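Just so we're on the same page: letters track the sequence lines, and every chain starts at 1. Everything quoted here is computed from the prediction, not taken from an experiment.
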Amino acid sequence: MHWASTFAERIIAERGEKKEYVCESGVTPSGFCHIGHFREAITTSLVALALKDMGYNSRHIHMWDDYDRFRKVPSNVPANYSEYIGLPDYKVPDPEGCHNSFADHFMEPFEVSLSEAGMKPDFLRASDQYKNGIYRDNIKISLDKKEKLIELLNSQRGGEKIAADWYPVSVYCPKCGKDMTRITSFDGEYSLSYSCKCGFQETADIRKANYIKLKWRVDWPSRWAQLGVDYEPYGKDHGTQGGSADTGQKIIQEIFNKPPIIGATYEFVSLKGASGKMSSSKGNVVLPSDILSVMEPDVLRYLFVKTKPTKELKIALDLDFLNVYDEFDRVETTYFGDEEINKREKYDKLYEFSNIWGYNTLPAQPSFRFMAVLVQITSDVDRIIKILKKEGHIKSELSETDVERIKTRARLAANWVKLYAPDMIKFELLTEPPKIELSMEQKEALKVISDLIQGEDLTDVELHNRIYEIATGIPIEPKILFGAIYQVLIGKESGPKAAAFINALEKDFVVERFRSY
RNA sequence: GGGCUCGUAGCUCAGUCUGGCUAGAGCACCGGCCUUUUAAGCCGGGAGUCGGGGGUUCAAAUCCCCUCGAGCCCGCCA
């Protein structure tokens, strides 16, 4: 059974039958939302999908923690932003001025990527929720049970204990907007007194003040309780024992009197070859949009669908990238093919959970590997399609979706070659014959090949075989002959599989080039 | 110090929850396919003490205990 379905079963079993199950993901938009945050969202989305797959209603909510305080200035932001420290993220201005706020600046591109990857969660903002007073009751409860909270949190804490004058809430000063406030007393009813560094002080009525926020450890379970969250995954930094997920589960039960949620720890995501945790300050963040610029969204989904959350996921952008694509195509073929039942069942959810286009027949599968060659020959999609047909990669009748996919892959392959392909597979067709000296045998062989291809159309295999025959006839070492072919075409000692490569090129161009020596 | 995850073929991993036929896949490798496939061929093949030890069981990669190794997390960074 697929891991997402296993979670779905557990949710139903432990939380009971419900009209609708709520699966939550959440991110603090205090910097770029990277591919690790993407895992948070897609892990949630897939479990919600698995619930639907089993015939239940589910909702994926994504919480933007834009009410968290602006804690430190990220490295890519002007240093004078230190003046905003203490404000909630949604009130900090966008350093580039293109969005309403600092938070929006990072939220918007992430939402776009989620959408491209087939996810449409309900996006909620913590700032809105607090402003609307959704957590007012929980604030009251938390203040009333302050001693119990301190006791509970202290029992989980190794080092320094929480002091008795601790409060489970912080106050964003209504005058300066920052949380540089110190709570001085709570009367046990509704009056909370505090003073701010800016000089402002008051006794606020917690039934009316909409600038009081629960502290993180309490905020999280409060939200679970309030929104009826059934499931939420979290990164392993939160999942550690005594961590916020752990104390959250205790708090929701002992303070808010609700059952624990189904939690799940997931491993980190990184680029193959990279090490360490991603962080914007280290400058090693990989954004979902980075991956989506070279990989189709269903293939990206496939990576997360097939990798259990507890497994570290290393995304390869080097040559292994091509293998992932091949693998995806195989899974797709198997899904639509008449393979033996067993194998199909195994692959079914893998593909179903990845496929966001709703394909119901096998779409065209232009090999990404070959596309990486073609896009270096031409940027003309029609010509690429012509070559793909001629080379037998795709059938002659194409649907609109087939053409769309080919266009997409061509665009992505071009990006991949430009951004990530190793030098070995990069080449450039030489517009003029390079000034090089070839041996008599090489010249002769090129001439014979040019005569051959001018005379008739050969398949890759035929041409390939003939090249070897020619080499034997001259005679010339195949290796030396291939060297000549690549040298005169792309100025390198090696290149794409010769026969398919030659067949993909304009015939006249090749003939003329081979004869110019 | 506390905790989590992982350790299965050369490499990347399935399989472990619900113990059961000769432990699988992809890649790599080797061999053959017309003396021949540089970055899309085809067919076949070898290969694993399932980290180690002990226990439970008719039966263990799978469950329990111990142990070794690797990686990672630990007061609002997924």
Contact nearer the 5' end of RNA chain B, comparing A/Lys479 with A/Thr6: A/Thr6
Rounded distance (Å) that lies between atom P of B/A39 and atom CG of A/Asp318: 16 Å
Per A/Asn465 side chain, nearest of listed nucleotides B/A78, B/U36, B/A39: B/U36
Parallel, tilted or perpendicular: ring planes of A/Tyr351 versus A/Phe328, cut at 30 and 60 degrees: tilted
Touch class at under 4.0 angstrom, heavy-atom based, for A/Arg39 against every strand present: nothing
Nucleotide nearest A/His34 when distance is taken to its side chain, options B/U36, B/A78, B/C17: B/A78
Nearest-Å distance for atom pair CD1/P, residues A/Ile251 and B/C76: 12 Å
C1' gap between B/A14 and B/G69, integer Å: 23 Å
Atom pair distance, as rounded to whole Å: CG in A/Leu350 and P in B/A25: 17 Å
Student check: side-chain heavy atoms of A/Ile502 and A/Phe514 closer than 4.5 Å: yes
C1' spacing across the pair B/C68 / B/U49, given as an integer number of angstrom: 16 Å
A/Val269 side chain, from C-beta outward: closest of B/A78, B/C73, B/U36: B/A78
Main-chain N/O of A/Val171 paired to A/Thr181 side chain as donor or acceptor, under 3.5 Å: yes
Aromatic plane relationship, A/Phe70 with A/Tyr81 - under 30° parallel, 30 to 60° tilted, over 60° perpendicular: perpendicular
Euclidean distance for P, B/U16 against B/C6 (whole angstrom): 12 Å
For B/U35, the Watson-Crick or wobble partner whose two distances fall under 3.5 Å: none
Which nucleotide in B/C77, B/A39, B/U37 has an atom nearest any side-chain atom of A/Pro496: B/A39
Sugar-phosphate, base or nothing in reach of A/His238, heavy atoms under 4.0 Å: sugar-phosphate
Distance test, side-chain N/O of A/Arg217 to OP1/OP2 of B/G75, below 4.0 Å: no
Any pair counted as salt bridge (Lys or Arg N to Asp or Glu O under 4.0 Å), so long as it reaches residues 412-430 of chain A, sequence neighbours left out: none
Closest to side chain of A/Arg71, choosing from B/A78, B/C76, B/A39: B/C76
Gap between atoms CG and P, on A/Leu153 and B/G75 respectively (whole Å): 14 Å
Integer angstrom distance from the C1' of B/G51 to that of B/C42: 39 Å
Distance between P atoms of B/U8 and B/G52 (Å, rounded): 10 Å
Touch class at under 4.0 angstrom, heavy-atom based, for A/Phe370 against every strand present: nothing
Aromatic stack A/His464/B/U37: centroid gap under 5.5 Å, interplanar angle under 30°: yes
Report all interatomic pairs (protein N or O, nucleotide N or O of nucleotides 5-8 of chain B) with separations under 3.5 Å.
| unit_1 | atom_1 | unit_2 | atom_2 | d |
| --- | --- | --- | --- | --- |
| B/U5 | O2' | A/Thr310 | O | 3.4 |

For atom CG of A/Asn323 and atom P of B/A28, their distance in whole Å: 7 Å
Sugar-phosphate only, base, or nothing, as touched by A/Gly483 at under 4.0 Å among non-hydrogen atoms: base
Nearest-angstrom distance from the residue atom CD of A/Glu469 to C1' of B/U37: 13 Å
Separation of B/G3 C1' from A/Asp246 CG (nearest whole Å): 10 Å
Euclidean distance for P, B/U67 against B/G2 (whole angstrom): 12 Å
Pairing nucleotide - B/C6, Watson-Crick or G-U, each distance under 3.5 Å: B/G69
Interatomic distance at P, B/G1 relative to B/U57, whole Å: 36 Å
Residue whose closest nucleotide on RNA chain B lies nearer the 5' end, A/Tyr234 versus A/Ala500: A/Ala500
Results of side-chain contact (heavy atoms from CB on, under 4.5 Å) for A/Glu267 - residues two or more places apart only: A/Arg39, A/Lys236, A/Glu312
Value in whole Å for how far the C1' atom of B/C76 lies from CD of A/Glu232: 14 Å
Pairs meeting criterion salt bridge (Lys or Arg N to Asp or Glu O under 4.0 Å) with involvement of residues 216-225 of chain A, two or more places apart: A/Glu24-A/Arg223, A/Asp65-A/Arg223, A/Lys213-A/Asp219, A/Asp219-A/Arg223
Watson-Crick or G-U counterpart of B/C77, or none if no pair lies under 3.5 Å: none
Counting only pairs under 3.5 Å, give me each side-chain donor-acceptor contact of residues 474-481 of chain A, with atom names and distances, residues two or more places apart or in other chains.
none

Pairing residues for A/Ala414 by the side-chain contact (heavy atoms from CB on, under 4.5 Å) criterion, not counting sequence neighbours: A/Val375
Pairwise C1' distance for B/G24 and B/G41, with rounding to whole Å: 25 Å
Touch class at under 4.0 angstrom, heavy-atom based, for A/Tyr486 against every strand present: base
Proximity of A/Tyr172 and A/Tyr130 rings by center, below 6.0 Å: no
